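Quick notes on the structure that follows.
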Amino acid sequence: MWVARRFMSLIARRGQYGLFYQPQGSLPKLEFRYLNCTCCWRSRIPVAGFETLNDTLSSSTTPCDKSLDAYYTSEQRDVILQLLNNAAESELAAVKLLRGRKSVNIVEYRTRNGPFKNLESVINVPLLKHKSAVIVFNSILNPPEKKEKRKVKIQLAKFIRPEVERTWLEEANSIVSIVCGVNKISWAHMDRGMNVLEWKHEDCHNFLKGTYMASAYLDDISIVVSNLPKADFFVVEKPSISLQNTALYPVMAHMRTVEAMLFALLEPRYTQPDITAPPKVLNMMRTAVGRHFGLMVGDSRTSGAQAVRRMMTESVTQKIPRVTFPHNLLVKYRNSFQMGGRSRGEELCDAMLQAVAFYELLSESS
């Protein structure tokens, strides 16, 4: 019994100082009370009564008595209604606050109820109320200016190594684009008119086979070099292999070896030094070519087979194609870059894309 009386006494005491205290004999309303500390029941924090909160909420949510049409001139109303009644869903989505479901709701509403006759009727559209409607109307009347993205000029040093004077590159009649694979070397011979003169690959049987033998590598690469056509510059792909992946160390060493031998065999200055002549062999960054054709996914580069197939098709379907292929090469490689094929000729694709990117990036950076 003593426990029950003590419990009832505590309830009565807490009710006296609680948030929902109601004086006896008064109307059922909430007064300004205090919040007691739940640990000691001594510290008290004043809080507003519910009538104050309700008054604040009511004042903030009470709709304006003034009609939306009264805020705008007749000409402005015509402009707003013209767009809302005639714009397609994609056009409405370009207006501020009308992306997503709101633009869909406008189209559905006017299809079901006919065109909007006044601005006030717009707030009948789901998700569009007075405040948001005003923002929409003002955005229609004052659309934000579209800032044109200024294309940043690419510096030659960003994709060509070593640095070469632009005049030497611009006066070059042709280049040979060379890409090394794990078992072959591919190249594309192209002139500055974007005409493909030659495009082929050479199998290298000693690449990544058994114990590394420098003489075996040299034999394979020497055969390739002897078959390369004459050109003003030889552009060798600079591969981008992550040093963090230790499993790729053998491949990286292989690529670097082939690259060094190509530079040594193709650069005449090593045998006949000429200080006034520019370097004949250049490196081109693989990532720069990938970005130029939109092939980069993060730090990785995807296949360029689709881009090459598109250029081959445009060569016979467009009056002024991006790249002009001779008929014999189109016939030879028309089925070589199919999706899902066992051998899609990635090195051939990369050699072609590198040649195209060389001339186009050179033009863009001028």
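The structure presented is a predicted model; accordingly, all values stated were derived computationally and were not measured.
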Pair listing, salt bridge (charged side-chain N to carboxylate O under 4.0 Å, His left out) test, anchored in residues 69-80, at least two apart: none

Indicate yes or no: at least one non-hydrogen side-chain atom of [X] is less than 4.5 angstrom from one of [Y].
X	Y	answer
F234	L265	no
I106	L128	yes
F159	T287	no
E202	N227	yes
F325	N195	no

Side-chain donor-acceptor contact under 3.5 Å, Y333 with N328: no

S177 side chain to Q354 side chain, donor-acceptor N/O pair below 3.5 angstrom: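 Indeed, the side chains of S177 and Q354 share at least one donor-acceptor pair under 3.5 Å.
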
What I want to find out is whether [X] reaches [Y] closely enough, with some N-O distance under 4.0 Å, to be called a salt bridge.
X	Y	result
E171	R192	no
E267	K280	no
E360	R322	yes
E314	R309	no

Non-neighbouring partners of K200 that pass side-chain hydrogen bond (donor to acceptor under 3.5 Å, both in side chains), sequence neighbours left out: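 Result, side-chain hydrogen bond (donor to acceptor under 3.5 Å, both in side chains) vs K200: none returned.
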
Partners passing side-chain hydrogen bond (donor to acceptor under 3.5 Å, both in side chains) against R301 (at least two apart in sequence or in another chain):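 With neighbours one apart ignored, the set is D350.
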
Geometric class of the Y217/H254 ring pair [parallel <30°, tilted 30-60°, perpendicular >60°]: perpendicular

Output field: ring centroids F116/Y109 closer than 6.0 Å: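 That pair passes the under 6.0 Å test.
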
